[in-house]
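The structure under discussion appears below in the form of structure tokens.
Positions are given from 1, in the same order as the sequence printed here. Since the model is a prediction, treat every value here as computed from it, not as a measurement.
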Amino acid sequence: MKNRLKVLRAERDWSQAELAKRLGVSRQTVNAIERGKYDPSLPLAFKMSRVLGQPIESMFYPDEADRAREPSPLAQPVPLTAR
């Protein structure tokens, strides 16, 4: 999953260590999330939303590989046939 964490952090002139302290995680965790190597848990994502003052959906978005795995919104479920 891609994210805007680095941009949002830079807008506040915070280091990774400063953001990590505010979130209660390690600097390495912030680095891994920024680089897309680690997806935060839902509770951590909500905490990030509060600390950065942004809705979760504005901070995270699927990368191209994730989009390729998503079903088309036009796809209809296939009904099971009776035997």
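- By the 4.5 Å heavy-atom criterion applied to side chains, Phe60 and Met48 are counted as neighbours.
- Residues Pro55 and Ser49 share a closest heavy-atom pair of CA-OG, 4.0 Å.
- Lys6 approaches Glu34 most closely through the heavy-atom pair CA-OE2, 3.6 Å.
- Looking only at side-chain heavy atoms (C-beta outward), Val51 and Trp14 come within less than 4.5 Å of each other.
- A 4.5 Å side-chain heavy-atom check between Leu52 and Arg12 finds at least one atom pair inside the cut-off.
- Counting heavy atoms from C-beta outward, Asn3 and Met59 have side chains that stay 4.5 Å or more apart.
- The cluster map of Ile, Leu, Val, Met, Phe, Trp and Tyr, joined by side-chain heavy atoms under 4.5 Å apart, puts Val7 and Leu5 in different clusters.
- Arg4 contributes a side-chain N or O that, together with a main-chain N or O of Ser58, makes up a donor-acceptor pair within less than 3.5 Å.
- In this structure, the separation between CD on Gln16 and OG on Ser26 is 10.0 Å, given to the nearest 0.5 Å.
- At distances below 3.5 Å, at least one donor-acceptor pair connects side-chain atoms of Lys47 with backbone N or O atoms of Leu23.
- Here the side chain of Arg9 pairs no donor or acceptor atom with the backbone of Leu19 at under 3.5 angstrom.
- In this structure the side chain of Ile33 never reaches within 4.5 angstrom of the side chain of Asp39, judged on heavy atoms.
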